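Following: one structure in structure tokens, then a few remarks.
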Amino acid sequence: MWRPAQRTPCRVRARQLKGPAITHSSVLAPTTLEWITRLIAFDTTSRNSNRDLIEAIAVEVRAHGLEPVLVPNADGTKANLVVTIPAHDGSTTGGVMLAGHTDVVPVDGQSWSSAPFTAELRENRLYGRGAADMKAFSGVILALLPDFLAQPLATPLHLAFTYDEEVGCHGAITLLADLAARGIRPEICVVGEPTSMRAVTAHKSSHLYRVSFTGLASHSSNTPNGVNAIEYAARAIAFIRSIADEHRVNGPFDPSFEVPFTTINVGTISGGAAVNTVAQHCEFEFEFRAIPGVSTTEIFSRIENFVLGELRPAMQAEHASADASFAPTGAVPSLSAAGTGAALALVHDLTGTTTEETVGYGTEGGLFQLAGIDTVVCGPGSIRQGHTANEYIDLAQISACEDFMRALAVRLAQP
């Protein structure tokens with residue numbers, strides 16, 4: 001089993017990621033930009049299949065004598081890919097896992113200066129959807145695969161490429177189930193989300209819900225004959241906002257986060273048919289992002305009790321057919337610094353940094369940590385460029401990621 005070098009890390013957590021990471025290389029590996037460009041060319045927006053991208057990775061790893069395991073979703077339209085480079089003694093348990101998601105967010109409504117799914121290099125930046133979040137990380141892994149295979153590894157290396165991270169980390173859940181079924185449990189995981197190659201040891205949890213109200217339509221000249229679904233939805237939204245205000249004013253607080261309290265946001269709403277008709281339907285979606293240690297069950301229970309315990313009976317008092325319901329649409333557990341040890345030490349050793357930081361966005365890291373894998377988030381690029389029009393990554397960040405991977409290959413070869 002790999003043991004980190006003895007080092008006393010500086011337990012300073014910054015509120016946000018600042019500045020470029022240190023890099024030592026000046027020339028990228030011959031196939032790095034080629035691989036990142038290939039990956040960007042696949043339109044793996046979460047609403048689409050990722051199977052073509054996964055098959056391209058499968059072909060590559062097979063060409064190196066490795067056999068990937070594909071883990072499909074329920075209808076087979078998407079898949080994770082996991083491949084293990086065994087230790088020199090053939091063992092596949094334990095070791096380090098590098099994890100990256102293959103899906104990207106939509107470009108709809110964004111104004112791009114170049115085709116979003118055609119990588120474009122200009123002014124030492126590579127532009128394209130997913131360049132930062134997070135196809136550069138995956139492209140570096142694939143380009144440097146020969147470096148890992150050239151080493152007689154003392155501990156195995158697992159490479160994981162997942163689906164649907166952007167819409168609830170669904171792929172990571174099936175990935176973990178597959179690893180457990182095959183008896184593979186990595187000791188350490190590095191999730192390559194964009195952190196400017198700094199170690200991130202904590203992030204908030206994320207919980208997404210859809211709330212639906214069914215009222216009774218009637219002409220607006222006779223509102224007592226109807227049940228207005230929009231009005232009841234508005235009361236629910238106001239209640240949700242009141243809980244958000246409580247957390248903003250009263251906490252609990254964690255000053256290591258840029259936004260140091262739990263947040264709640266209503267992001268979409270639709271309903272009604274015409275201005276002169278009492279609305280029969282209304283639906284909205286909300287999410288809350290909780291700092292580690294906050295009871296997410298308590299937050300949801302308060303909202304659920306208000307909607308189902310107060311609003312629904314009031315609606316049904318107006319008409320028995322009225323109803324309200326919840327549907328969870330995604331959940332990502334928090335990543336806690338309390339559960340980080342060997343993974344942090346490894347990243348510190350390989351990057352030459354000594355700090356640990358927090359971020360407000362969620363990752364698959366919380367799920368891996370919950371499964372008992374020591375996990376840190378560390379990858380090239382900045383989240384400030386992720387999800388935006390003209391998304392890009394600095395070439396210096398790609399170079400820093402290459403340095404990390406080469407150093408990891410050497411480290412894993414050490415007994």
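Computed from a prediction, not measured in an experiment: that's the story for all the values here.
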### Worked verdict on R411 versus L346 for side chain to side chain contact (heavy atoms under 4.5 Å, CB included)
CA-CA 9 Å; R411 183 60 53 82; L346 174 63; 4.2 Å; yes

Shortest non-hydrogen contact from [X] toward [Y]:
{"X": "G272", "Y": "A279", "result": "CA-CB, 3.8 Å"}
{"X": "A119", "Y": "L126", "result": "CB-CD1, 4.0 Å"}
{"X": "A337", "Y": "A202", "result": "N-CB, 3.9 Å"}
{"X": "F404", "Y": "M197", "result": "CB-CE, 3.6 Å"}
{"X": "L308", "Y": "P313", "result": "O-CD, 3.3 Å"}
{"X": "Q280", "Y": "A217", "result": "OE1-CB, 3.4 Å"}

### Message
Could you go through L144 and E402, starting from their C-alpha distance and side-chain angles, then the distance that decides it, and tell me whether this counts as side chain to side chain contact (heavy atoms under 4.5 Å, CB included)?
### Response
CA-CA 8 Å; L144 296 186; E402 284 190 341; 4.1 Å; yes

Any donor-acceptor N/O pair, [X] side chain to [Y] backbone, under 3.5 Å:
{"X": "D374", "Y": "G341", "value": "yes"}
{"X": "E283", "Y": "F213", "value": "no"}
{"X": "T195", "Y": "G379", "value": "yes"}
{"X": "Q397", "Y": "P380", "value": "no"}
{"X": "T45", "Y": "N48", "value": "no"}
{"X": "S91", "Y": "A87", "value": "no"}
{"X": "T118", "Y": "A115", "value": "no"}
{"X": "S212", "Y": "S325", "value": "no"}

How long is the straight-line distance from [atom2] of [Y] back to [atom1] of [X], given to the nearest 0.5 Å?
{"X": "R51", "Y": "L81", "atom1": "CZ", "atom2": "CG", "value": "9.5 Å"}
{"X": "F253", "Y": "R248", "atom1": "CZ", "atom2": "CZ", "value": "10.0 Å"}
{"X": "I237", "Y": "I264", "atom1": "CD1", "atom2": "CD1", "value": "13.0 Å"}
{"X": "N73", "Y": "N80", "atom1": "CG", "atom2": "CG", "value": "9.0 Å"}
{"X": "S270", "Y": "I230", "atom1": "OG", "atom2": "CD1", "value": "9.0 Å"}
{"X": "S321", "Y": "L216", "atom1": "OG", "atom2": "CG", "value": "5.0 Å"}

Decide whether [X] and [Y] meet the rule of one side-chain donor and one side-chain acceptor closer than 3.5 Å.
{"X": "T363", "Y": "H203", "result": "yes"}
{"X": "S295", "Y": "T297", "result": "no"}
{"X": "D103", "Y": "S46", "result": "yes"}
{"X": "D133", "Y": "H387", "result": "yes"}
{"X": "T375", "Y": "Q369", "result": "no"}
{"X": "Q110", "Y": "R129", "result": "yes"}
{"X": "T84", "Y": "H158", "result": "yes"}
{"X": "T174", "Y": "Y163", "result": "yes"}
{"X": "H88", "Y": "Q151", "result": "no"}

### Task
Compute both the distance and the angle, then confirm whether K204 meets the cation-pi test with F257: under 6.0 Å from the six-membered ring centre, within 45 degrees of the axis.
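Ring-cation test returns yes.
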
### Distance under 6.0 Å and angle within 45° of ring axis: R125 vs Y392
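Yes - R125 lies over the ring of Y392, closer than 6.0 Å to its centre and within 45° of its axis.
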
Run the side-chain donor-acceptor check on residues 52-64: report pairs under 3.5 Å with partners two or more places apart or on a different chain.
residue, atom, partner, partner atom, Å
E60, OE2, H64, NE2, 3.1
R62, NE, E67, OE2, 3.3

### Message
Please list all pairs meeting ring pair (Phe, Tyr, Trp, His ring centres under 6.0 Å) that have one or both residues in residues 281-309, counting only residues at least two apart or in different chains.
### Response
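Residue pairs with at least one partner in residues 281-309: H207-F288, Y209-F286, Y209-F300, F239-F306, F300-F326.
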
### Task
Could you walk me through whether E285 and T268 pass the side-chain hydrogen bond (donor to acceptor under 3.5 Å, both in side chains) test, one step at a time?
CA-CA 5 Å; E285 294 176 303; T268 68; 2.8 Å; yes

### Any residue meeting ring-ring contact (aromatic ring centres under 6.0 Å, His included) with Y232, in chain and number order, not counting sequence neighbours
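Y232 satisfies ring-ring contact (aromatic ring centres under 6.0 Å, His included) with no other residue.
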
Are side-chain heavy atoms of [X] and [Y] found at a separation under 4.5 Å?
{"X": "S138", "Y": "H101", "value": "no"}
{"X": "R122", "Y": "S113", "value": "yes"}
{"X": "L159", "Y": "L145", "value": "yes"}
{"X": "V266", "Y": "I240", "value": "yes"}
{"X": "I40", "Y": "T37", "value": "no"}
{"X": "M405", "Y": "L350", "value": "no"}
{"X": "R302", "Y": "I299", "value": "no"}
{"X": "V82", "Y": "L175", "value": "yes"}

### Message
Looking at R185, I want to see if its CZ is surrounded by more than 12 non-hydrogen atoms of other residues, nucleotides or ligands under 6.0 Å.
### Response
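Count not over threshold, so no.
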
### Message
Among N50, T44, T162, which residue satisfies the side chain to side chain donor-acceptor pair (under 3.5 Å) criterion with T102?
### Response
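With T102 as partner, N50, T44, T162 yield a single side chain to side chain donor-acceptor pair (under 3.5 Å), made by N50.
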
### Message
I'd like to know whether E287 forms a salt bridge (charged side-chain N to carboxylate O under 4.0 Å, His left out) with R210, so could you lay out the CA-CA distance, the side-chain angles of the two residues, the decisive distance to 0.1 Å, and finally the verdict.
### Response
CA-CA 9 Å; E287 64 150 24; R210 181 181 301 112; over 6 Å; no

### Task
Begin from the C-alpha positions of L367 and V332 and carry the test side chain to side chain contact (heavy atoms under 4.5 Å, CB included) through to its verdict.
CA-CA 7 Å; L367 286 165; V332 179; 5.5 Å; no

### Query
Does the pair D394 and N124 meet the rule for a side chain to side chain contact (heavy atoms under 4.5 Å, CB included), with working shown?
CA-CA 6 Å; D394 289 317; N124 292 316; 6.0 Å; no

### Task
List the steps and the verdict of side-chain hydrogen bond (donor to acceptor under 3.5 Å, both in side chains) for T351 and T353.
CA-CA 5 Å; T351 61; T353 59; 2.7 Å; yes

